[in-house]
There are 2 protein chains.
Amino acid sequence: MSYSIAEAARRSGLSIDTLRYYERIKLLEPPARDTAGRRAYSEEDLAWLSFLTKLRTTGMPIRRMREYATLRRRGLASAGRRKAILVEQRGAVAERIAELQSSLEILDYKIDNYERIEQGAPLPREASA
Amino acid sequence: MSYSIAEAARRSGLSIDTLRYYERIKLLEPPARDTAGRRAYSEEDLAWLSFLTKLRTTGMPIRRMREYATLRRRGLASAGRRKAILVEQRGAVAERIAELQSSLEILDYKIDNYERIEQGAPLPREASA
DNA sequence: AGTTGACCTGGAGTGCGCTCCAGGTCGTAC
DNA sequence: GTACGACCTGGAGCGCACTCCAGGTCAACT
């Protein structure tokens with residue numbers, strides 16, 4: 001079974017333009033083509049795309065995904081370096097989560113202040129609100 | 001007490017260029033000037049800058065921060081709308097945390113696979129690794 | 001009086017990650 | 001045989017958040 005670019009876009013959640021863009025910048029290996037020269041994505045292509053979109057969600061820059069993609073093409077021998085990239089990214093994600101959690105507290109605090117203002121309480125000392 | 005732009009940069013963690021940029025785009029009210037026309041940031045300016053950098057950490061786009069900054073200039077009457085912005089941002093941050101947490105799990109799973117490969121285990125079925 | 005260094009302005013340039021466009025080719029439906 | 005719609009290519013354009021630069025002013029130090 002293979003998929004047109006429109007289908008691949010639908011399934012991956014990426015736009016058609018983005019799929020072609022990812023191919024240009026070598027995030028994707030060029031998919032097969034049908035007799036008319038149109039792209040025909042395989043299940044495997046879609047699995048890779050799905051993984052890529054997950055990496056993107058982690059905030060990994062395209063440059064780094066490209067590195068990973070290149071290593072992947074080199075096969076098993078590159079497994080160690082691919083793992084290292086994922087481990088590094090896991091660290092970055094954990095840090096970002098911590099950062100967001102602490103900014104959540106700040107937001108809560110500020111929102112609280114606004115609620116007190118609504119209830120007619122005095123303004124907080126700091127004027128940065 | 002007031003601070004030179006270099007001091008303000010050091011204290012806020014922003015670059016001098018970014019401070020001038022934020023002023024240009026109206027995220028900051030123009031700070032006072034000394035007799036030579038150089039910017040002199042007040043404590044209050046720094047407090048606002050510190051809050052801005054926190055909003056930035058939450059991933060709030062500058063456009064939205066500008067909106068907040070504009071409302072702030074309107075004073076107490078705008079408190080409700082400012083609160084709404086913060087509440088919305090809190091929601092966005094919570095969502096982003098959830099997203100990152102689920103991608104952490106995916107990373108863990110992938111890293112696990114690589115560890116099994118290192119131990120000579122068979123490759124996972126899916127080829128997207 | 002001259003040099004230094006921090007600052008000033010207006011404007012151009014950068015890297016990222018897409019997104020859009022013009023002009024063209026195919027296969028299918030009428 | 002022609003109209004349509006999906007696809008193709010190469011390349012330009014865009015929004016974001018800075019970052020850098022040239023050319024100039026000013027106060028302080030030697």
Side-chain angles (χ1 to χ4, degrees), chain A residues 2-42 45-46 48-49 51-70 89 92 96 99 103, chain B residues 2-42 45-46 48-49 51-70 89 92 96 99 103:
Chain A
S2 78
Y3 305 90
S4 71
I5 195 166
E7 256 305 283
R10 208 186 55 72
R11 294 193 182 226
S12 64
L14 299 168
S15 74
I16 289 176
D17 273 316
T18 299
L19 284 175
R20 289 196 281 243
Y21 166 65
Y22 279 8
E23 186 181 333
R24 261 213 308 279
I25 64 171
K26 306 230 161 81
L27 267 186
L28 263 50
E29 300 209 54
R33 298 292 180 124
D34 69 13
T35 52
R38 280 169 288 165
R39 290 174 181 76
Y41 293 87
S42 67
D45 291 334
L46 292 189
W48 172 242
L49 268 175
F51 182 55
L52 276 186
T53 58
K54 273 155 196 161
L55 286 184
R56 185 175 69 160
T57 298
T58 71
M60 184 183 284
I62 282 183
R63 176 177 14 88
R64 206 99 177 99
M65 292 193 238
R66 275 193 61 182
E67 208 180 318
Y68 190 95
T70 304
Q89 190 62 17
R96 181 70 179 133
E99 217 175 49
S103 60
Chain B
S2 79
Y3 306 90
S4 71
I5 195 166
E7 255 305 283
R10 207 185 58 70
R11 294 193 182 227
S12 65
L14 298 168
S15 73
I16 290 177
D17 273 317
T18 299
L19 284 176
R20 289 196 280 242
Y21 166 64
Y22 278 8
E23 186 181 333
R24 262 214 306 281
I25 64 172
K26 308 230 160 81
L27 266 187
L28 263 51
E29 300 208 55
R33 299 293 179 125
D34 68 12
T35 54
R38 280 170 288 165
R39 289 173 182 78
Y41 293 87
S42 68
D45 290 335
L46 291 189
W48 171 241
L49 267 175
F51 182 55
L52 275 185
T53 59
K54 273 155 195 160
L55 286 184
R56 185 176 68 159
T57 298
T58 71
M60 184 182 283
I62 281 182
R63 177 178 13 90
R64 206 99 177 100
M65 291 193 238
R66 274 193 61 183
E67 210 180 316
Y68 190 94
T70 303
Q89 190 62 17
R96 181 71 180 133
E99 218 175 47
S103 59

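Keep in mind that this is a model prediction, so the values were computed, not measured. So that the names make sense, note that chain A is the first sequence line, chain B the second, and so on, each numbered from 1.
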*Which pair of heavy atoms, one from A:Leu27 and one from A:Trp48, lies closest together, and at what distance?*
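Minimum heavy-atom contact is O-NE1, 2.9 Å.
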*If you take all heavy atoms of A:Leu28 and A:Leu19, which pair is closest and at what distance?*
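The pair with the smallest heavy-atom distance is CD2-O, 3.9 Å.
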Interatomic distance, [X] [atom1] vs [N] [atom2] [rounded to whole Å]:
X       : N      : atom1 : atom2 : value
A:Arg39 : C:dT25 : CZ    : P     : 17 Å
A:Tyr21 : D:dC8  : OH    : P     : 18 Å
A:Arg33 : D:dC7  : CZ    : P     : 12 Å
B:Asp34 : C:dC8  : CG    : C1'   : 11 Å
B:Tyr3  : C:dC7  : OH    : P     : 15 Å
A:Glu23 : D:dC8  : CD    : C1'   : 11 Å
A:Arg38 : C:dT25 : CZ    : C1'   : 10 Å
A:Ile16 : D:dC8  : CD1   : P     : 8 Å

*Start at the 5' end of DNA chain C and walk down; is the nucleotide closest to A:Thr35 or to A:Asp17 reached first?*
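Of the two residues, A:Asp17 wins.
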*Is there a side-chain polar atom (N or O) of A:Tyr22 under 4.0 Å from OP1 or OP2 of C:dC18?*
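A:Tyr22 to C:dC18 OP1/OP2: side-chain N or O found under 4.0 Å.
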*For C:dT19, does either OP1 or OP2 sit under 4.0 Å from a side-chain N or O belonging to A:Thr18?*
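Looking at the OP1 and OP2 atoms of C:dT19, one of them is under 4.0 Å from a side-chain N or O of A:Thr18.
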*Specify the residue among B:Ala36 and A:Arg20 whose closest nucleotide of DNA chain D lies further upstream toward the 5′ end.*
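Per heavy-atom nearest nucleotide, the more 5' residue is A:Arg20.
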Is [Y] close to [X] at the side-chain level, that is, under 4.5 Å between some pair of heavy atoms?
X        : Y       : result
B:Leu14  : B:Arg56 : yes
B:Met65  : B:Leu52 : yes
B:Ser103 : A:Lys54 : no

*Within the distance-only criterion (no hydrogens, no angle test), does the side chain of A:Arg66 pair as donor or acceptor with the backbone N or O of A:Ile25 below 3.5 angstrom?*
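Yes.
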*Where along residues 53-66 of chain A does a heavy atom come under 4.0 Å from DNA chain C, residue by residue in number order?*
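The answer is A:Arg56, A:Pro61, A:Ile62, A:Arg63.
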*Could I get the full list of side chain to side chain donor-acceptor pair (under 3.5 Å) partners for A:Arg20, not counting sequence neighbours?*
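For A:Arg20 there are no side chain to side chain donor-acceptor pair (under 3.5 Å) partners, ignoring immediate neighbours.
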*Please work out if A:Ile5 contacts a base, only the sugar-phosphate, or nothing of the nucleic acid, heavy-atom cut-off 4.0 Å.*
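A:Ile5: backbone/sugar contact only, no base atoms under 4.0 Å.
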